There are 2 protein chains.
Amino acid sequence: MPPLDISTISQLGDAIRREPRQIIPSSPCSACSVRHAASYASLTSDDHAHILSIASTRDVNRGQMLFIEGDPAEFLYTVVRGTFQMYKLLPDGRRQITGFLFPGDFLGLADDDVYAYSAEAVTDAALYRYRFKEMGALLTRYPKMENRLLTIASHELAEAQEQMLLLGRKTATEKVASFLLAFAERAAQRGEGRDVLFIPMTRHAIADYLGTTTETVSRTLSRFRHDGLISSPGNNQIEILDRDALCRISE
Amino acid sequence: MPPLDISTISQLGDAIRREPRQIIPSSPCSACSVRHAASYASLTSDDHAHILSIASTRDVNRGQMLFIEGDPAEFLYTVVRGTFQMYKLLPDGRRQITGFLFPGDFLGLADDDVYAYSAEAVTDAALYRYRFKEMGALLTRYPKMENRLLTIASHELAEAQEQMLLLGRKTATEKVASFLLAFAERAAQRGEGRDVLFIPMTRHAIADYLGTTTETVSRTLSRFRHDGLISSPGNNQIEILDRDALCRISE
DNA sequence: CGTGAAGTTGAGTATGCTCAACGGTGGTGG
DNA sequence: CCACCACCGTTGAGCATACTCAACTTCACG
């Protein structure tokens, strides 16, 4: 990591200044379509400096918890580097991963002043964090920022609903195909290749995200591989060979 | 419905002026605990009048669509009377209901300027609606309102994650028990009885909400009835007889 | 009172889970 | 540096939960 720098420090600032990106879906299936939260706000460099003034950094190691469900919500985070998983647990240990987070993503939106889920680093990672107390004043000063947060929350809500559709109504095969396509889209958004995917999370995590089991995920990927839909060029890597077929499978 | 009246017209205004309500969960299980979005904003009656000026009413009949997934998002709604269901469909017709809405609830938060889900009236219903275009100016003038919307969105996000846990990791029995408890809490919040529930939606809708089938919902309720956990005092009514047992079952 | 939708119950079955074994990989400590 | 160990991933076999199909009852509404 370079030292704090005005061009990289504030993902929140970046999010505000970022122009909407147009990505044309390569096929019409719903799992492939990408929705972008448009951003129309802008900040003067003075404003930007103000935002930087309340940001601090935090590094976490692979496997480390960022916060735990029920903790008092003190910070809002943005991911700078690495991958995170958010999850909720049942008393007997069953786990539902509610989302994976990549650089540029926010986490920490709280309900009733406590975190509604736990957040764990999937890889070594770095974040910027903003103390909610200090953000209050900032949001009053920059109303556009609050609007931006609302846009982000709305976007996450739409994603959550899409995931409910997957969890409640899709078969195991459809779930895995949907996951691959969604993951590919996210990779493309981050400027990585859309076809050769680096998958940082374990099969177990994927299963807990899709509401299925490690064995089923593994079997399904093997079948896709056998059918020529994907290949595994390296470890933790999946190459998408037949996107259209995966789209058809994902419904 | 009485004619438009400043004390009832604006659920949005109500939401802003509403004081946080304290409800002590009668037992400690997570399905029973209620989270409340606190509201600290207030408006002068002048401001309130301004809000009213952009609100209009809409009545819908049972079964009627309010909007459909993919429609350009023109209005934000608040429910005044009746019940709604939000849902998403797969191409082959499989349906996932992502939530039920009752008086006081918002609907219409959009992603990418289109509705992310369809909304249908479960009963005859009435709403107030606010044109997004006009709300822009209003939000600029009343930043607290944007904050309020953000709080609401965060709350909905937490609920969506809870539902993902249910859909992905709970058994059919746990799902139905969780539904009954959550429904009872919502009824209590609306000032209705917590033990005798009026269930306006069909078994089919409940099944599509819980990611299961009508038959399974029906069988599970019959078993609960047989085991003395609930009873059916009337049509579309369920009485909760043993809340603690339901809590234990729901995990 | 008739009709269609909603709800209930039963029987059989399939999808996907559980349990189990084994090979591979990466991290750690002797 | 290498050996060990724990975790991850893969594959197989058997089984259980919940789905499908079906029949029948009840209810709402004209």
Side-chain angles (χ1 to χ4, degrees), chain A residues 61-64 85 90 92-97 120 122-124 166-177 179 197-227 230-238 249 251, chain B residues 61-63 85 90 92-97 120 122-124 166-177 179 198-227 230-238 249 251:
Chain A
N61 295 323
R62 188 161 71 96
Q64 202 178 332
Q85 54 197 18
L90 287 172
D92 65 359
R94 278 173 288 174
R95 178 177 70 165
Q96 179 63 40
I97 292 181
E120 177 185 347
V122 173
T123 65
D124 289 349
L166 178 146
L167 289 169
R169 286 291 172 239
K170 290 190 180 178
T171 65
T173 307
E174 291 165 357
K175 286 175 177 180
V176 175
F179 171 75
L197 310 174
F198 175 74
I199 312 275
M201 64 287 283
T202 66
R203 295 285 183 271
H204 191 72
I206 296 172
D208 281 355
Y209 178 61
L210 299 178
T212 179
T213 60
T214 359
E215 295 93 328
T216 297
V217 172
S218 186
R219 269 187 256 274
T220 306
L221 288 175
S222 295
R223 184 153 39 80
F224 287 170
R225 213 175 293 125
H226 175 264
D227 294 348
I230 61 172
S231 68
S232 296
N235 221 317
N236 288 338
Q237 284 190 332
I238 291 180
I249 288 170
E251 288 293 88
Chain B
N61 295 323
R62 189 161 70 98
Q85 53 197 18
L90 287 172
D92 64 0
R94 281 174 287 175
R95 178 177 70 163
Q96 179 64 41
I97 292 182
E120 177 186 348
V122 174
T123 65
D124 289 350
L166 179 146
L167 290 169
R169 286 292 172 238
K170 289 190 181 178
T171 65
T173 307
E174 290 164 357
K175 285 175 177 180
V176 175
F179 171 76
F198 175 74
I199 312 276
M201 64 287 282
T202 66
R203 297 284 183 272
H204 191 71
I206 296 173
D208 281 355
Y209 177 61
L210 299 178
T212 179
T213 61
T214 2
E215 295 93 326
T216 297
V217 171
S218 186
R219 268 186 257 275
T220 306
L221 288 175
S222 295
R223 185 153 38 82
F224 286 169
R225 214 175 292 124
H226 175 265
D227 294 349
I230 63 172
S231 69
S232 296
N235 224 317
N236 287 340
Q237 285 190 330
I238 291 181
I249 288 169
E251 290 293 89

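The figures here come from the full heavy-atom set of this structure, side chains too, leaving out hydrogens, waters and symmetry mates. Here is the naming used below: chain letters follow the sequence lines, and residue numbers restart at 1 for every chain. In this text, all values refer to a predicted model and were calculated from it rather than measured experimentally.
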Minimal heavy-atom distance between K175(A) and G211(A), with the atoms involved, is NZ-O, 3.3 Å
Pick base, sugar-phosphate or nothing for R223(A), based on heavy-atom distances below 4.0 Å to the nucleic acid. nothing
When the rotation axes relating C1' atoms of four end pairs to the next four are compared across the helix from dC1(C)-dG30(D) to dG30(C)-dC1(D), five pairs an end, they differ to 10° by 50°
Closest-nucleotide ordering on DNA chain C, the 5'-leading residue of T202(B) and R219(B): T202(B)
Measure across F224(B) and V176(B) and return the closest heavy-atom pair with its distance rounded to 0.1 Å. CE1-CG1, 3.8 Å
Can you give me the closest heavy-atom contact between P200(A) and T123(A), atom names plus distance? CB-CG2, 3.7 Å
Once side chain to side chain donor-acceptor pair (under 3.5 Å) is applied, do any residues pair with R219(B), and if so which ones, sequence neighbours excluded? none
Footprint ends on DNA chain D, 5' to 3', for atoms under 4.0 angstrom from a heavy atom of chain B, come out as dA18(D) to dC29(D)
Under 4.0 Å from any atom of DNA chain C, heavy atoms only: list the residues of residues 206-215 of chain A that qualify, in numerical order. G211(A), T212(A), T213(A), E215(A)
Lys/Arg-Asp/Glu bridge criterion (N-O < 4.0 Å) met for R169(A), E251(A): no
Is S218(B) touching bases, backbone alone, or none of the nucleic acid, heavy atoms closer than 4.0 Å? base
Give, for atom CD of E215(B) and atom OG1 of T213(B), the distance between the pair rounded to the nearest 0.5 Å. 4.5 Å
Gap separating the OG atom of S222(A) from the CD1 atom of I230(A), nearest 0.5 angstrom: 8.0 Å
Write down the atom of S231(A), the atom of P233(A), and the distance for their closest heavy-atom approach. O-CD, 3.3 Å
Okay, side chain of Q96(A), backbone of D208(A): is any donor-acceptor separation there less than 3.5 Å? yes
Using a heavy-atom cut-off of 4.0 Å to chain A, what are the terminal contacting nucleotides of DNA chain C, in 5' to 3' order? dG16(C) to dG26(C)
On a heavy-atom basis, which atom in I249(B) and which in A177(B) lie closest, and how many Å separate them? CG2-CB, 3.7 Å
Are any of the side-chain heavy atoms of I97(A) and M201(A) separated by less than 4.5 Å? no
Who are the side chain to side chain donor-acceptor pair (under 3.5 Å) partners of N61(B), not counting sequence neighbours? none
Taking for N236(B) and for A172(B) the nucleotide of DNA chain D with the nearest heavy atom, the one nearer the 5' end belongs to A172(B)
Could you tell me whether the side chain of I206(B) reaches within less than 4.5 Å of the side chain of I199(B), counting heavy atoms only? yes
